[in-house]
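Right, one structure below, let's go through it.
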Amino acid sequence: MAGKYKVPRGTYDILPSESYKWQFVTNVFKEVAREFNYKEIVTPIFENNELFERSVGEDSDIVEKEMYKFEDKKGRIFALRPEGTAPVVRSFIENGLMLKPNSSKLYYFGPMFRYDRPQKGRYRQFYQYGIENIGSNDPYIDAEVISFAYMFLSKLGLKNFELQINSIGCKNCTQDYDNALKEYFTPYLNDLCSDCRKRLMKNPKRVLDCKVNTCKVNADNAPSMLDYLDENCKTHFNKVQEYLKQINIPFKVNPKIVRGLDYYSQTAFEFIDTNLGAQNTLIGGGRYDGLAEQLGGKNMPGIGFAGGFERLLLSMEEEKLSFGKQQTPKVYLITLGNEAGATGIKLIMELRMNGISTAFDPDKTSMNAQMKTANKTGAEFALILGEDELKKGKIILKNMANGEQKEINITDIINSLKDK
RNA sequence: GUGGGUGUAGUUCAACGGUAGAGCACCGGAUUGUGGUUCCGGGCGUUGUGGGUUCAAAUCCCAUCAUCCACCCCA
């Protein structure tokens with residue numbers, strides 16, 4: 001019975017049969033945030049277009065072709081947020097959070113928007129969770145942020161994932177490295193794909209993770225970023241690895257990890273699902289020490305990560321993990337006859353007022369239909385109120401699991417349900 | 001933005017040029033006041049949309065939209 005309208009391309013509805021899963025993972029995420037002492041920050045879904053163009057990078061794919069840009073009635077140019085870090089840093093600067101206590105460890109979640117061709121694990125409106133730790137460049141913080149992600153995935157029960165880390169250096173190392181790459185690849189120019197020939201000029205590091213075979217082969221022997229790190233970046237990266245070892249978080253160094261957003265520096269990491277489809281990055285993150293300054297704030301280091309809920313759910317389903325229980329009512333009320341019905345609806349109010357979740361369906365009248373519905377709602381108890389009971393001032397309390405039932409005084413019902 | 005696959009009932013699928021069907025789910029009944037099992041009954045759904053070919057189209061062709069998978073990119 002398709003109606004007139006359909007959801008826009010690349011978007012979807014989270015239906016009741018699915019929403020409890022989202023609630024489950026969100027709650028686990030919030031729980032981990034509490035354990036790490038991170039606090040929630042909520043920023044608008046749209047921001048000044050420039051915020052993203054400046055931070056994410058004008059040459060990045062996100063800005064070049066994936067942003068939902070629009071103009072409002074006064075001609076201001078906004079964009080639906082394609083990612084969460086820039087808005088958080090913007091808010092951090094704008095609200096002077098560096099001067100406020102307990103405000104530098106932040107988490108967020110919500111929808112992000114990218115105009116991209118939908119496929120498995122990729123949507124136009126997708127949901128991210130993420131954290132940002134702003135104000136410290138201590139390598140311990142890098143390890144802590146990584147451990148947050150690791151703990152989150154672990155608490156959900158995920159096993160088929162792998163942590164890969166890299167250091168992409170600071171501006172200084174990057175420049176040397178870029179030059180080295182250009183030098184290295186130039187003799188092989190004809191073997192590279194057309195994209196990579198362009199990349200070599202604009203962003204040579206991208207050639208490294210190209211999937212075209214000839215590019216891959218050539219990239220295998222390319223100079224490694226790690227050899228071009230300056231002393232400072234090198235010791236930083238080494239310390240991050242030491243910390244990770246100390247807290248028993250397994251990782252692989254993958255010098256080919258390149259982040260697509262311009263603001264990253266030094267530590268970059270990804271949690272990869274080892275048996276998902278092509279879109280297998282569960283969580284991606286890294287350090288962005290230059291971002292705050294770039295956005296007009298003080299020079300402040302920061303590091304964070306973001307993950308996609310969709311891929312998380314895919315992985316969890318792949319590994320057949322539990323999403324907790326679906327919400328069920330404690331009580332389903334069955335009434336027979338008009339008088340019982342009238343008393344019943346008053347009783348429902350009382351039950352709910354006392355925190356007892358109660359379901360009732362006025363469209364069902366026969367005992368049979370009401371019992372069936374009670375069963376389907378998964379209610380723990382059925383309360384049966386008919387004319388016989390009404391006369392006696394009683395009500396039947398039936399345990400749906402074992403079928404046992406007893407008559408009790410209507411006036412006692414709240415109390416006897418409360419301690420069950 | 002590029003390539004390939006797919007669009008039939010709520011859902012999973014069948015029918016592949018000649019009257020649109022099944023499982024599951026859903027609703028009702030058997031049980032006029034007791035569920036989960038069982039049995040019986042209940043489906044006209046613009047065959048995604050718009051064109052075209054044909055005596056005849058879910059079926060062939062074209063377009064379009066959507067979806068899936070991959071490229072690209074990323075979460």
Side-chain angles (χ1 to χ4, degrees), chain A residues 1-12 15 17 56 59-66 81-85 109-130 149 193-196 198-199 203 206 209-213 257-261 264 270-273 276-285 304-315 332 334-337 340 361 363-379 381-390 396-405:
Chain A
M1 198 175 352
K4 229 172 170 178
Y5 303 104
K6 293 195 272 190
V7 284
R9 175 156 212 209
T11 69
Y12 56 93
L15 303 174
S17 56
V56 174
D59 297 329
S60 67
D61 280 20
I62 292 179
V63 168
E64 254 180 14
K65 46 190 199 192
E66 295 174 6
R81 62 180 184 197
E83 59 100 38
T85 300
F109 45 87
M112 306 293 165
F113 306 83
R114 291 185 204 172
Y115 189 90
D116 211 345
R117 187 109 166 226
Q119 74 182 70
K120 187 174 186 180
R122 188 168 78 189
Y123 300 90
R124 289 185 173 177
Q125 174 170 340
F126 59 105
Y127 295 81
Q128 281 193 339
Y129 52 90
C193 67
S194 59
D195 282 337
C196 279
K198 277 181 236 156
R199 286 186 186 123
N203 192 350
R206 293 270 194 99
D209 65 351
C210 180
K211 273 144 200 153
V212 175
N213 235 326
I257 290 185
V258 182
R259 312 262 66 213
L261 286 62
Y264 283 112
E270 287 184 8
F271 284 84
I272 310 277
D273 188 292
L276 218 55
Q279 310 301 324
N280 62 357
T281 306
L282 232 35
I283 291 177
F305 71 72
F309 276 114
E310 292 82 359
R311 291 176 193 181
L312 197 62
L313 296 193
L314 282 174
S315 306
Y332 187 93
I334 293 170
T335 64
L336 298 158
D361 185 349
D363 288 327
K364 304 280 193 298
T365 50
S366 77
M367 178 63 134
N368 196 14
Q370 292 190 81
M371 275 306 289
K372 279 188 178 175
T373 308
N375 191 51
K376 256 174 275 190
T377 61
F381 299 98
L383 279 177
I384 304 168
L385 185 60
E387 277 155 30
D388 299 347
E389 289 75 25
L390 204 57
I396 295 172
L397 176 66
K398 178 179 177 111
N399 183 318
M400 291 299 282
N402 58 23
E404 281 171 21
Q405 61 181 60

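Protein chains get the first letters and strands the later ones, always in sequence-line order, with residue 1 at the start of each. For the numbers below, each heavy atom of this structure counts, side chains included, while hydrogens, waters and symmetry mates do not.
Atom name P, nucleotides B:C27 and B:A66: the rounded distance is 34 Å, in whole Å. Taking atom C1' on both nucleotides, B:G21 is separated from B:U47 by 12 Å, rounded to a whole Å.
The residue among A:I396 and A:R122 whose nearest nucleotide of RNA chain B lies closer to the 5′ end is A:I396. Where A:F126 and A:M400 each meet RNA chain B at their nearest nucleotide, the meeting point lying more 5' is that of A:M400.
Base pairing analysis places B:U37 opposite nothing; no Watson-Crick or G-U wobble pair with both distances below 3.5 Å involves it. For B:C74, there is no paired nucleotide, since no Watson-Crick or G-U wobble pair has both relevant distances below 3.5 Å. With a cut-off of 3.5 Å on both Watson-Crick or G-U wobble distances, the partner of B:G10 is given as B:C24. B:A15 makes up no base pair with any nucleotide shown, lacking Watson-Crick or G-U wobble contacts both under 3.5 Å. Across all strands shown, B:G5 is found opposite B:U67 as a Watson-Crick or G-U wobble partner, with both distances under 3.5 Å. Within the shown strands, nothing qualifies as a pairing partner of B:A58 under the Watson-Crick or G-U definition with both distances less than 3.5 Å.
Both tests do not hold together for A:R81 against A:F113: distance to the six-membered ring centre under 6.0 Å, angle to the ring axis within 45°.
Interface remark: the A:Q370 side chain does not form any donor-acceptor pair with the B:U34 base, using a distance-only criterion of under 3.5 Å. Between the base of B:C74 and the side chain of A:R114 there is no donor-acceptor pair shorter than 3.5 Å. Side-chain atoms of A:E64 stay outside donor-acceptor range of the base of B:G1, with no qualifying N/O pair under 3.5 Å.
A distance-only check finds no donor-acceptor pair linking the side chain of A:R122 to the backbone of A:Q279 [under 3.5 Å]. Side chain of A:Q370 to backbone of A:T365: a donor-acceptor contact under 3.5 angstrom is found.
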N/O to N/O distances under 3.5 Å, protein versus nucleotides 26-29 of chain B:
from	atom 1	to	atom 2	distance (Å)
B:C27	OP2	A:K376	NZ	2.6

Short N/O separations, protein against nucleotides 63-69 of chain B, under 3.5 angstrom:
from	atom 1	to	atom 2	distance (Å)
B:U67	OP1	A:G10	N	3.0
B:U67	OP2	A:R9	NE	2.9
B:C69	OP2	A:K120	N	2.5

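Across A:T281 and A:R311, no two heavy atoms sit closer than the pair O-NH1, 3.0 Å.
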